[in-house]
Amino acid sequence: MAPTNRLSARVAAIAESATLKVDAKAKALKAEGRPIISYAAGEPDFPTPQHVVDAAVEAVKDPKNHRYTPAPGLPELRQAIAEKTSRDSGWNVEPTQVIVTNGGKQAVYEAINAIIGDGDELLLPAPYWTTYPEVVKLAGGETVEVFAGADQNYKVTVEQLEAARTDKTKALMFVSPSNPTGAVYTPEETKAIGEWALEHGVWVIADEIYQNLTYDGVKATSIIEAVPGLAEQVILVNGVAKSFAMTGWRVGWLVAPTDIVKGASNHQSHLTSNVNNIAQRAAIAAITGPTEPIDAMRDAFNRRRKLMVEELSKVNGFRVPTPEGAFYVYADVTELLGKEYDGRTVTTSLDLADYILEEAEVAVVPGEAFGPSGYVRLSYALGDEQLLEGVQRIQKLFGTK
């Protein structure tokens, strides 16, 4: 007799990644021959820089890379990450405080599981990246959403965090620049939140994957740089995926106090062992190599960002705060909800995204993937011509101001 409860309760409770789901639907329609333009995927459209690819090719030829290596990562890469953390996050750490993971997602998974247990609460500023709450569920914890809308440029305040804090609060997820909003906290805002966390003994998990993608002279100040006293209650998560156009290489990392690193290393030794050695060698080249290819990508993103905000702001019912980082625009579309279009009533941003996909053949991610309804995320990490055409289709669908 087959078991009735085929999945464990925790695995059964996990929701599918909404961003990947929308992207998959768009690709399926495109495969059917429809001219779909997708703003769904959060990955650069550029090739990985050539010097990084060259490093990987050389690494393939070296037999030492054909074998197991230390589970926390190659010593050379851990050293390079420690130096990058000092340079970009203002935190002088030892390589032993670094674990190399299979992409940023695994780093998030291990960070949360290292400190969140049954009944623990994690404060999650919303809008948030879709994966965070699912990982908290797996750890047995509870997510407490703290929402900030377009009127706050999608940034929560200390007062909001304090109102949400309870005696079960164990950690805060802090993301700047943000996915999905592109919002970047100012140094002053970052310091205030860091000091609040320090005062109340709240762990901070800071996802800095978009750290090097900021515009108009804005700097993403690391919370550990703003409040050095957090050194014993902070975990930094990062990776090469976004800044170096290396999403498929699957190399991320976490940086943390030594006891957290020891526990997470033990976890990883049973979970995956070491990350692919060829990809690790490529990551060394990315982190330590020339910055010109990265600067060129950022310049292209900046150009697209300005175009996207300018054109999307013309659409009736779209309110578009200007993002200062990452490569997303997060539009407030609440004005468009509760109305009828072509005989179809649109109640939620999920309905709206479906309507836009079917009628304009443009894929956007609805706000339900990231928190409350009433918003849509559009990535501008796609070619300039497609980017403009897609927005023009949306302009035609809803009209312009």
Side-chain angles (χ1 to χ4, degrees), residues 19 39-46 48 81 84-85 87-91 101 103-108 111 124-132 148 153-156 173-187 189-190 193 204-226 235-247 249-255 283 286-287 291 293-306 308-309 321-330 365 369-370 377-382:
T19 52
Y39 296 102
E43 63 177 343
D45 59 313
F46 302 103
T48 299
I81 292 168
K84 180 188 181 337
T85 302
R87 180 173 66 247
D88 293 345
S89 300
W91 189 18
T101 60
K105 273 187 179 177
Q106 186 175 344
V108 168
L124 182 60
Y128 50 78
W129 182 45
T130 182
T131 291
Y132 299 136
N153 286 319
Y154 305 118
K155 295 186 287 186
V156 300
M173 183 66 67
F174 184 74
V175 188
S176 176
S178 162
N179 173 9
T181 69
V184 180
Y185 285 79
T186 67
E189 291 165 341
T190 302
I193 290 173
V204 179
I205 301 174
D207 190 339
E208 299 185 338
I209 193 76
Y210 295 97
Q211 177 181 57
N212 299 120
L213 288 175
T214 56
Y215 314 103
D216 294 336
V218 171
K219 179 182 184 293
T221 301
S222 178
I223 200 162
I224 185 63
E225 183 175 13
I235 303 174
L236 305 185
V237 173
N238 211 322
V240 295
K242 310 298 184 178
S243 297
F244 298 95
M246 294 178 67
T247 52
W249 296 77
R250 309 314 300 141
V251 180
W253 59 81
L254 65 84
V255 183
I287 295 170
T291 62
I294 315 309
D295 295 339
M297 281 190 280
R298 188 170 57 247
D299 288 344
F301 285 142
N302 190 25
R303 182 182 68 251
R304 297 169 181 180
R305 175 185 70 110
K306 292 176 180 177
M308 175 77 91
V309 170
T322 300
E324 294 181 320
F327 39 67
Y328 308 105
V329 168
Y330 204 63
V365 185
F370 313 107
R377 189 194 79 172
L378 296 88
S379 167
Y380 48 87
L382 71 165

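In what follows, every heavy atom counts, from backbone to side chain, and hydrogens, waters and symmetry copies are set aside.
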Identify the heavy atoms of Val184 and Ala220 that sit nearest to each other, and give their distance. CG1-CA, 4.1 Å

Just by distance, do the side chain of Tyr154 and the backbone of Tyr330 share a donor-acceptor pair under 3.5 Å? yes

Provide the closest heavy-atom pair for Ala326 versus Ser178 in the form atom of the first, atom of the second, distance. CB-O, 3.7 Å

Inter-residue atom distance Arg87.CZ - Ile287.CD1, 0.5 Å rounding: 8.0 Å

Under the ring-ring contact (aromatic ring centres under 6.0 Å, His included) rule, collect the residues that match up with Trp129, sequence neighbours excluded. Tyr132

N/O donor-acceptor pair under 3.5 Å between Thr85 side chain and Ser89 backbone: no

First locate atom CG of Asp88, then atom CD1 of Ile81, and finally report the distance between them rounded to the nearest 0.5 Å. 12.0 Å

Pick from Ile193, Asn153, Val175, Ile223: which one makes a side chain to side chain contact (heavy atoms under 4.5 Å, CB included) with Tyr185? Ile193

Closest approach of Thr214 and Val218, non-hydrogen atoms and distance? OG1-O, 2.7 Å

Minimal non-hydrogen separation, Tyr128 against Pro125, with atom names: CB-O, 3.4 Å

Considering only heavy atoms from C-beta outward, does the side chain of Val240 approach that of Trp253 to under 4.5 Å? yes

To the nearest 0.5 Å, how far apart are OG in Ser243 and CG in Asp295? 10.5 Å

Heavy atoms of Pro44 and Ala381 approach each other most closely as CA-CB, 3.9 Å

Would you say Thr131 and Lys105 make side-chain contact, with heavy atoms under 4.5 Å? yes

Compare every heavy atom of Ala111 with every heavy atom of Val237, then report the nearest pair and how far apart it is. CG2-CB, 4.2 Å

Gln106 and Thr101: CA distance, side-chain angles, deciding distance, side chain to side chain donor-acceptor pair (under 3.5 Å) verdict: CA-CA 6 Å; Gln106 186 175 344; Thr101 60; 5.5 Å; no

May I ask you to decide if Ala245's main-chain N or O and Thr48's side chain share a donor-acceptor pair within less than 3.5 Å? yes

Output for pair (Asp207 CG, Asn238 CG), nearest 0.5 Å, gives 7.5 Å

Going by heavy atoms in the side chains, are Val309 and Pro323 under 4.5 Å from each other? yes

Side chains of Phe370 and Tyr328, heavy atoms from C-beta outward: is any pair under 4.5 Å? no

Apply side-chain contact (heavy atoms from CB on, under 4.5 Å) to the pair Phe301 and Tyr380, showing each step before the final yes or no. CA-CA 7 Å; Phe301 285 142; Tyr380 48 87; 4.1 Å; yes

Take Lys155 and Thr186 through the side-chain contact (heavy atoms from CB on, under 4.5 Å) test and state the conclusion after the steps. CA-CA 10 Å; Lys155 295 186 287 186; Thr186 67; 4.2 Å; yes

Verdict with supporting geometry, Asp299 and Arg304, salt bridge (Lys or Arg N to Asp or Glu O under 4.0 Å): CA-CA 9 Å; Asp299 288 344; Arg304 297 169 181 180; over 6 Å; no

Flag the pair Arg305 and Asp216 as a salt bridge only when some basic side-chain nitrogen lies within less than 4.0 angstrom of an acidic carboxylate oxygen. yes

When you compare the side chains of Arg298 and Asn212, does any donor N or O come within less than 3.5 Å of an acceptor on the partner? no

Can you check whether Ile294's main-chain N or O pairs, donor with acceptor, with Thr291's side chain at less than 3.5 Å? no

Would you say the side chains of Ser222 and Glu208 form a donor-acceptor pair under 3.5 Å? yes

Can you check whether Arg377 reaches Thr181 side chain to side chain, under 4.5 Å on heavy atoms? no

Let me know which of Lys219, Lys84, Lys242 forms a side-chain hydrogen bond (donor to acceptor under 3.5 Å, both in side chains) with Gln211. Lys84

A side-chain contact here means heavy atoms from C-beta on lying under 4.5 Å apart; do Ile235 and Val204 qualify? no

Step-by-step side-chain contact (heavy atoms from CB on, under 4.5 Å) determination, Leu236 to Leu254: CA-CA 5 Å; Leu236 305 185; Leu254 65 84; over 6 Å; no

Quick check: do Asp45 and Met297 have side-chain heavy atoms less than 4.5 Å from each other? no

Determine, using ring centers only, whether Tyr210 and Phe327 are less than 6.0 Å apart. yes

Evaluate the side-chain proximity of Trp91 to Val255: yes if any heavy-atom separation is below 4.5 Å, no if none is. yes

